[in-house]
Visitor: 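Take a look at the following structure, please.
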Protein chains: 2
Amino acid sequence: MFLGRYAYTVDEKGRLTIPARFREALTGDVVITRGLDRCLTVYPAEVWQELAAKVNALPITDPRGRSLRRLLFAEAESVKLDRHGRVLLSEWLRKYAELTPSAGAIIVGLDRFLEIWNPTRWEAENAHQIAMMEEDPALWETLHL
Amino acid sequence: MFLGRYAYTVDEKGRLTIPARFREALTGDVVITRGLDRCLTVYPAEVWQELAAKVNALPITDPRGRSLRRLLFAEAESVKLDRHGRVLLSEWLRKYAELTPSAGAIIVGLDRFLEIWNPTRWEAENAHQIAMMEEDPALWETLHL
DNA sequence: ATGCTTGTGGGTAAAAGTGGGGTGAAATGG
DNA sequence: CCATTTCACCCCACTTTTACCCACAAGCAT
């Protein structure tokens with residue numbers, strides 16, 4: 001269960017530390033790929049398998065299915081954490097999510113997977129989220145206990 | 001079943017004592033997140049699971065689903081009580097709910113979960129509740145209990 | 001009164017975060 | 001096919017933060 005929002009640095013080599021409390025669930029292979037909204041997504045192997053299966057089930061005749069396939073699979077990387085719990089992000093992925101040493105990175109726990117954000121982009125997204133909820137309070141209904 | 005209102009202090013390290021009578025129901029993981037009206041909410045693990053399951057059911061391709069997911073999970077923290085029944089609140093959550101060592105905190109039992117309030121905000125909210133009830137009793141009819 | 005439980009504060013040892021250097025393997029070019 | 005270079009991986013070292021432990025103080029009940 002990944003929860004919370006953490007600020008970390010990206011070093012000159014393109015390495016990013018994963019929060020210590022998440023590492024236990026990321027011992028094996030980890031898949032990093034492009035996410036929607038210009039962030040990166042990080043999946044434990046099992047969760048990735050599930051997601052891949054769902055995408056593979058989409059008919060190849062659906063243009064949206066083809067796009068989603070390319071978005072997820074084309075730039076995906078299977079990596080392992082190093083001894084200090086860091087992952088090496090390819091230059092391509094770093095560029096996609098605008099991750100630089102000076103800007104740093106925000107790691108967000110989303111229950112079953114993680115997202116990696118450029119901090120200023122995350123702030124903007126956050127403001128956007130709040131605005132959307134205020135505009136459309138009915139969305140909160142989903143949360144009724 | 002959480003009931004009652006209790007006053008506690010927040011120490012310099014950001015720790016907050018949970019009332020002793022509540023601890024029995026909070027032995028495992030506890031999830032703390034921001035609530036509406038600038039308070040924090042505290043959920044036992046089982047109650048949180050219910051919430052999380054509902055949000056996870058939303059597809060990632062729906063922009064509103066993504067926003068809701070990020071709102072709920074990103075600002076939540078999974079914590080354990082320490083040996084003395086205290087939780088450590090992140091700086092971010094403390095700032096959101098205006099919790100400082102000098103102000104202290106009010107813990108409110110709300111049956112299935114708890115709320116944590118800045119004392120003066122709680123008083124204002126309390127007065128607001130009563131005023132609303134007295135001014136326009138008809139408002140409450142819609143709840144038809 | 002006197003134990004016991006609860007609330008509060010602080011100190012310390014361990015772990016986490018960050019950066020840099022060396023080594024071997026793969027890639028590139030002649 | 002060989003020489004050179006680049007890059008990823010592993011190791012080490014330093015700094016900061018976290019979490020655990022203990023000690024004291026203040027009720028409450030016996």
Visitor: Mind checking side-chain contact (heavy atoms from CB on, under 4.5 Å) for A:Glu91 and listing every partner two or more places apart, or none if nothing turns up?
Guide: A:Arg94, A:Lys95
Visitor: Under 4.0 Å between a side-chain nitrogen and a carboxylate oxygen: does that hold for B:Arg34 and B:Glu77?
Guide: no
Visitor: Indicate whether the side chain of A:Arg21 and that of A:Tyr6 have a donor and an acceptor atom separated by less than 3.5 Å.
Guide: yes
Visitor: For A:Arg66, I'd like to know if atom CZ has over 12 heavy atoms of other residues, nucleotides or ligands within 6.0 Å.
Guide: yes
Visitor: Just how far, in rounded Å, is C1' of C:dT8 from CD of B:Glu12?
Guide: 12 Å
Visitor: Nearest to the side chain of B:Arg23, heavy atoms from C-beta on, is which of C:dT8, C:dT6, D:dC10?
Guide: C:dT6
Visitor: Can you measure A:Glu91 atom CD to D:dT6 atom C1' for me and round it to whole angstrom units?
Guide: 13 Å
Visitor: Below 4.0 angstrom from OP1 or OP2 of C:dT8, is there any side-chain N or O of B:Thr9?
Guide: yes
Visitor: Flag the pair B:Arg70 and A:Asp37 as a salt bridge only when some basic side-chain nitrogen lies within less than 4.0 angstrom of an acidic carboxylate oxygen.
Guide: yes
Visitor: Below 6.0 angstrom between ring centroids: does that apply to A:Phe2 and B:Phe73?
Guide: no
Visitor: How close or far is atom P of C:dA15 from atom CZ of A:Phe22, stated in whole angstroms?
Guide: 20 Å
Visitor: Please tell me if A:Ser90 has a side-chain N or O lying less than 4.0 Å from either OP1 or OP2 of D:dA8.
Guide: no
Visitor: Tell me the interatomic distance from B:Leu88, atom CG, to C:dG9, atom P, rounded to whole angstroms.
Guide: 14 Å
Visitor: Rounded off to whole Å, could you give me the NZ-to-C1' distance for the B:Lys80 and D:dC20 pair?
Guide: 15 Å
Visitor: Find the distance B:Tyr6:OH to C:dT6:P and express it as a whole number of Å.
Guide: 13 Å
Visitor: Rounding to an integer number of Å, can you tell me how far B:Lys13 NZ sits from D:dA19 C1'?
Guide: 8 Å
Visitor: Does OP1 or OP2 of C:dT18 have a side-chain N or O of A:Tyr8 closer than 4.0 Å?
Guide: no
Visitor: Report the distance from atom CG of A:Leu81 to atom C1' of D:dC10, rounded to the nearest whole Å.
Guide: 15 Å
Visitor: Hey, is CZ on B:Arg15 packed in by over 12 heavy atoms from elsewhere, all under 6.0 Å?
Guide: yes
Visitor: How does protein reach along nucleotides 21-30 of chain D, written 5' to 3' as B (base within reach of a heavy atom under 4.0 Å), S (only sugar-phosphate), or - (no contact)?
Guide: BBB-------
